[in-house]
Protein chains: 4
Amino acid sequence: MTEIILRSNQLKFHKETFEKTTEDRRQKVLEVAIDAFALNGYNATSINDIAKNAGISIGAMYSYFASKEDLFLTIINNAYFLMEEILNEVKESSRDIYDCVERMLSASREFSFQYPKLNQLYLDLTTQALAPLAVRLSSKLERITPRMLCDFIKAGVEEGIVNDKADKSVMAYCIDNIFMLYQFSLSSDYYKERLKIFIGEEKVSEVKDLEKGIVSFIRAALEVK
Amino acid sequence: MTEIILRSNQLKFHKETFEKTTEDRRQKVLEVAIDAFALNGYNATSINDIAKNAGISIGAMYSYFASKEDLFLTIINNAYFLMEEILNEVKESSRDIYDCVERMLSASREFSFQYPKLNQLYLDLTTQALAPLAVRLSSKLERITPRMLCDFIKAGVEEGIVNDKADKSVMAYCIDNIFMLYQFSLSSDYYKERLKIFIGEEKVSEVKDLEKGIVSFIRAALEVK
Amino acid sequence: MTEIILRSNQLKFHKETFEKTTEDRRQKVLEVAIDAFALNGYNATSINDIAKNAGISIGAMYSYFASKEDLFLTIINNAYFLMEEILNEVKESSRDIYDCVERMLSASREFSFQYPKLNQLYLDLTTQALAPLAVRLSSKLERITPRMLCDFIKAGVEEGIVNDKADKSVMAYCIDNIFMLYQFSLSSDYYKERLKIFIGEEKVSEVKDLEKGIVSFIRAALEVK
Amino acid sequence: MTEIILRSNQLKFHKETFEKTTEDRRQKVLEVAIDAFALNGYNATSINDIAKNAGISIGAMYSYFASKEDLFLTIINNAYFLMEEILNEVKESSRDIYDCVERMLSASREFSFQYPKLNQLYLDLTTQALAPLAVRLSSKLERITPRMLCDFIKAGVEEGIVNDKADKSVMAYCIDNIFMLYQFSLSSDYYKERLKIFIGEEKVSEVKDLEKGIVSFIRAALEVK
DNA sequence: TATGAATGAGTGTTCATTCAT
DNA sequence: CATGAATGAACACTCATTCAT
């Protein structure tokens, strides 16, 4: 997996100490923790095992994070930061909603290939059982995409390149539903399997084609007739 | 919650004994188990607690199900059976793809209101950590919708009421992505919250409007220009 | 140590299961727990060790008691019950306050010799750190002696065999202070040592003499001049 | 709480370095440690927490004291020193045993109000679990009062103001039992509660009356008829 | 068949102490 | 001399599963 850099935005779930250890340790802890959480899910993952596999003492682990919860949230928060950066880039570089849709799909794909585990973690977080954890992050959750999509759609309507048949925010919601599950389809076994059932085992590897299909579906949904 | 009836299709994860107990016991066990699994997730749920809350002995529990896993799968399998029935009804009664889309949304909504917990369980199952469980069900997973949607779309193209811009199976996939997250949006806290962010807190209660919006989004995506 | 019988008065800190195991197990658990708590104090005692030494699984331990706290309180509560019985016997059989004082001293001595560990536990409980535990027992704490002593003193004053120089409840308090530390002096190392310093190493074994001295001290304090 | 001054008599449980730091640090460490030990008891108190709350590093802590035990003993030793000073003052200024008894009670009360925590610590130390610690202090324990009381009583007998009914050392022992628990009654919750049960909630605040009662109890016990 | 007591490996977390800087 | 990161055994407690009754 690509190197994970520890980012702190507004939220911070690790202790200061974690910023002070060596880069190697930090890397190893995050990497091992991501693997473990992604593989077994939050509840079935043992923080003692993570420590062991990262080659550090459990005491050290607890000097970096106040709790298992905080370790998990540190990782998720990091993942959000990563995704945010990508989304901001997409936003800046997109001419219009159609351009944006294309770039979003590419971004989703690249993120999924680079960090498949992070997507699995994210799926876990959306689970009802982890709602109490999600709450601690809620300020950051899903803020960017809705606004971005809505803004582009609104602009498109004004420019006359997007129809105004459906409520603009519903359009955004539909598009994002497609994106979100597409992203899961590239990283989580269940949704991978589901994708296969829809488009056939052999076509799964040709993601570019799939994306083209999705783009033209969305384009058709938005275009003025 | 509406009464759950124990159905056995091809798959069966309970022991014979479970079919032989009284209806009351069976009901109570399933009901309590669904509540517990939905609230805490598979891993954080204790089968001992379920037995206690259902008023039966843990020994009885293990005479009905070989393991915690099997209890969980029994429930999920049942839920699939329920969903299948609904889908088959939709399939039978729909004139064309547009009719089908509308009916699917209603069906999703009704299912989510009647069995919100089952949806939460299903979300759990799609999680990477539960992939080993999902595998045991794979023969049943997600078989109906893809075929149904594809068939209606194909028919629509032949009738000239659906464009052939995008690959038909991709169309089906996009539509189902929208459905699936819509269903989660009605039953799982995380996705409820996400929906609010898209369409605003005040509009969440007016689901009919939302569904109309979704329908017209999909209609636009499919229609011939 | 003399056999401990599980008594339940109003208060009960064990689970039903504990009443259902074999007498042997019950005995062994209580015996081992008393030894451990007495030796190391509440906080430094490991409930896992107790289970190990009692030859039962830790799971069984927790099926008998909801927590370490409850195990401790079960023992203390039992000890109170024992002490209460003795005190009631003293009360019933005493002619007057002077008789009562003598019997109390004997009773204290016998209790201390029979159950030295219980006295050590009790001392622990009076510690500030265990105040939260003591609170859970407060309804039972120290209720009998004050009333008994006061009643006998009052009767003595009326009969003209006790002076009324000091407040009667203060008299009772002073007498009980003497009793209480006498009891500790017979069971807890610290207070044993202290007693030695007062009356000399050689005289410690002749408790009867000591008791005579205490009796005549108290008698002098109460008698009418 | 009144300032604690670090005293070294014969015994010393801290390292030289502790004498060399600033007065402020020394104060803060002792103050925080006393609070913590008094509140939670020796075993449940974390030396890391003490360091943190005192604003010093755990490393510094261990440069001042070789172990948690030594920190505790330093405090206890200090407390003894304090108590010794008071006792010596009482001894010097008392005319006879009756005078001494009165002064002792006042001294106990004043000490309890000024250093309630130290009394709680002392109670902890008398616990069986801390016997190994108490042993390290044994040379200092309880040496003064027995001798002082015995001497005054002996003098009283010679002067003819004290009866010789009971063994003089037993008299001293009884008197000190009363003192000791009186002191606990003013500082430790358990014994506070016990006092209330004896003399009633409303009278607890009027300690002067209580002390008068105790004095006249002891006076009656000693006086020649 | 139903019961529920029993098991014991495993959980998240704490803390006295060490030692490189 | 002071710092505080690091250690890891130990803790209270949980829970899927077994099995004698």
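Proteins come first, then strands; the chains are lettered A, B, ... in the order of their sequence lines, and each starts at number 1.
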Between [atom2] of [N] and [atom1] of [X], the distance in whole Å:
| X | N | atom1 | atom2 | result |
| --- | --- | --- | --- | --- |
| D49(A) | dG8(F) | CG | C1' | 15 Å |
| I47(A) | dG8(F) | CD1 | P | 17 Å |
| N48(A) | dA9(F) | CG | C1' | 11 Å |

- Message: Nearest heavy atom decides the nucleotide; on that basis, is Y64(C) or I58(A) closer to the 5' end of DNA chain E?
- Response: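 The answer here is Y64(C).
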- Task: Specify the residue among G59(C) and Y62(A) whose closest nucleotide of DNA chain E lies further upstream toward the 5′ end.
- Result: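 First, find each residue's nearest nucleotide; the 5'-ward one identifies G59(C).
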How many angstroms lie between atom [atom1] of [X] and atom [atom2] of [Y], to the nearest 0.5 angstrom?
| X | Y | atom1 | atom2 | result |
| --- | --- | --- | --- | --- |
| D35(D) | T45(D) | CG | OG1 | 10.5 Å |
| L118(C) | Y80(C) | CG | OH | 11.5 Å |
| T21(B) | H14(B) | OG1 | NE2 | 9.5 Å |
| N40(C) | Q128(D) | CG | CD | 10.0 Å |
| I75(C) | L121(C) | CD1 | CG | 6.0 Å |

- Message: Heavy atoms only, 4.0 Å cut-off, all strands: where does T45(C) land among base, sugar-phosphate and nothing?
- Response: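 It contacts sugar-phosphate atoms only.
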- Task: Describe the nucleic acid contact of K20(C) in one word from base, sugar-phosphate, nothing, applying a heavy-atom distance below 4.0 Å.
- Result: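 Touches sugar-phosphate only.
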- Task: State which residue, out of D124(B), D70(B), L73(B), fulfils the side-chain contact (heavy atoms from CB on, under 4.5 Å) condition with L133(B).
- Result: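 Exactly one candidate clears the test, L73(B).
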- So does S57(D) get a side-chain nitrogen or oxygen closer than 4.0 Å to the phosphate oxygens (OP1/OP2) of dT3(F)?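 For dT3(F), OP1 or OP2 has a side-chain N or O of S57(D) closer than 4.0 Å.
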- Query: Contact boundaries of DNA chain E with chain C (under 4.0 Å, heavy atoms), 5' to 3'?
  - Reply: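 Under 4.0 Å from chain C, the extent on DNA chain E is dA5(E) to dA9(E).
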- Task: Both distances under 3.5 Å, Watson-Crick or G-U wobble: report the partner of dT21(F), or none.
- Result: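 Looking at the geometry, dT21(F) pairs with dA2(E).
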- Item | Base-pairing assignment for dA9(F) (Watson-Crick or G-U wobble, both under 3.5 Å) |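 Its partner is dT14(E) (Watson-Crick or G-U wobble, both distances under 3.5 Å).
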- Message: I need the minimum non-hydrogen distance between Y62(B) and S67(B), along with the two atoms involved.
- Response: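 Taking every non-hydrogen atom into account, CE2-CA, 4.1 Å.
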- Query: Which atom names give the shortest non-hydrogen contact between Y190(B) and T126(A), and what distance separates them?
  - Reply: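 That closest heavy-atom pairing would be CB-O, 3.4 Å.
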- Look at the rings of F65(A) and F18(A) and say which category their plane angle falls in: under 30° parallel, 30 to 60° tilted, over 60° perpendicular.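 Ring orientation, 0 to 90° scale: tilted.
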- Task: With a 4.0 Å heavy-atom cut-off, tell me which residues in residues 65-73 of chain C come close to DNA chain F, sorted by residue number.
- Result: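 Those residues are S67(C), K68(C).
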- Comparing T17(D) and N43(C) on DNA chain F - which has the more 5′ nearest nucleotide: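 The residue whose closest nucleotide sits nearer the 5' end is T17(D).
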